[in-house]
Number of protein chains: 2
Amino acid sequence: VNLSGYSYFAAWQIDALAEKHGRRARWRPFLLGIAQQVTGQGNLVEQPLKGDYSLLDMKRMARHLDLPFALPDPFPVRSLASSRAFYWLLDEDAALARQLALNIFTACFGEGKDTALPETVALIAAGLGIDHDACLAAMDDQAIKDRLRDETQLAIDRGVFGAPFFFIDGEPFWGSDRLEWMDKWLAEDGW
Amino acid sequence: VNLSGYSYFAAWQIDALAEKHGRRARWRPFLLGIAQQVTGQGNLVEQPLKGDYSLLDMKRMARHLDLPFALPDPFPVRSLASSRAFYWLLDEDAALARQLALNIFTACFGEGKDTALPETVALIAAGLGIDHDACLAAMDDQAIKDRLRDETQLAIDRGVFGAPFFFIDGEPFWGSDRLEWMDKWLAEDGW
């Protein structure tokens, strides 16, 4: 149920990677906390040693990718509102939903904003010309809430336990550090 | 206290990577289970979903690196005996200690052998011309046992929580998937 910092980095790379190979990435947010419960994992940044390392690693990754990085305070940031807004937009305008997700990721991990609140998400949406009040209402819509639960269960059923998680024709890849492998996998059609 | 499959892959790459940049890798085995306790992590392959994925990922990595891979049965394989044999050799002949570690990794993850038993380790050592009985005795030597405990504590004090784990002039890198980053880091002298 929290936003993943590594997914922020992957979000900025995945479309270019897919396009390079004539593919299209289908974005599907899910509730990470629920998927992590299956493996009994807690939140990364809160773990002793591993938390400190992952923060250092994310800052290093940001410098390498030339992306802004600021750990939001408080952290972690719940992703319920933003994921619901995404699914509300998805069927009507997938490109716009993706752009909203990117802007939320950037507000959260690029500018350190707390994007957990529906109001914050609605304001970011409004910046893309999306109706602020309709967006707010959608995040409280039971059908949208159910959609996010269903997508999360679908992800777990497919074997997803962390984020970011990718499938290329059924082949699973976990972690933003697998993007280079995915590039090779697509270029060589697997191995 | 178990052998790490991902360390097997890293072990076969790290010396060439270091040499490419005029560096030398200092190998230091430690008791992974004890380091993992600090973060509250269990054994990777035993975790739901994540275990299945990591097995698929290791097989894929082996094919990519053109290394043999066979998951030992039973798994995981305890690393106490092999780590002790390593430290016994280290001060006298570091290159030989490294070669023993490589051969144990290959026996374990390349051929699926159970290398937990001191006798198995001593036989692999004998294959390198190392005295079989002296090796067996060393694995039962309290000073060697203490050395391994001390090295494990040293690793944890430095922030190590998983394997393989690397430091380049103090900069930490976790995971065999960070080798490409380490290559860039060394080439660019950090970023």
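Every chain is numbered from 1, with letters handed out A, B, ... down the list of sequences.
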For Y53(A) and F161(B), work out which heavy atoms get closest and say how close.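 Heavy atoms of Y53(A) and F161(B) come nearest at CB-CE2, 3.4 Å.
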Please report the shortest heavy-atom distance between V160(B) and L49(A), naming the atom on each side.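 Taking every non-hydrogen atom into account, O-CD1, 3.5 Å.
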Does [X] [atom1] have over 12 foreign heavy atoms under 6.0 Å away?
{"X": "E119(A)", "atom1": "CD", "value": "yes"}
{"X": "D66(B)", "atom1": "CG", "value": "no"}
{"X": "Q142(A)", "atom1": "CD", "value": "yes"}
{"X": "K59(B)", "atom1": "NZ", "value": "no"}
{"X": "E111(B)", "atom1": "CD", "value": "yes"}
{"X": "D189(A)", "atom1": "CG", "value": "no"}

Side chain, backbone, both or neither: which part of D52(B) has a heavy atom under 4.5 Å from chain A?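 Looking at D52(B), nothing touches chain A.
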So what's closer than 4.5 Å to chain A heavy atoms on R60(B): side chain, backbone, both or neither?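 Its backbone and side chain both get close to chain A.
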Roughly how far, to the nearest 0.5 Å, is [atom2] of [Y] from [atom1] of [X]?
{"X": "E180(B)", "Y": "W181(A)", "atom1": "CD", "atom2": "CH2", "result": "8.0 Å"}
{"X": "Q36(B)", "Y": "K50(A)", "atom1": "CD", "atom2": "NZ", "result": "8.0 Å"}
{"X": "W191(B)", "Y": "L65(A)", "atom1": "CH2", "atom2": "CG", "result": "9.0 Å"}
{"X": "D177(A)", "Y": "W174(B)", "atom1": "CG", "atom2": "CH2", "result": "9.0 Å"}

Under the rule for ring-ring contact (aromatic ring centres under 6.0 Å, His included), what residues qualify as partners of H132(B), not counting sequence neighbours?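 Once residues adjacent in sequence are excluded, H132(B) has no partner under the ring-ring contact (aromatic ring centres under 6.0 Å, His included) criterion.
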What residue, out of P172(B), S54(B), G159(B), has the most heavy-atom pairs lying under 4.5 Å from chain A?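 Max contact count across the listed options: P172(B).
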Only pairs of heavy atoms separated by less than 4.5 Å count here; which of H64(A), E188(A), R63(A) has the most with chain B?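 Answer, by heavy-atom pair count under 4.5 Å with chain B: H64(A).
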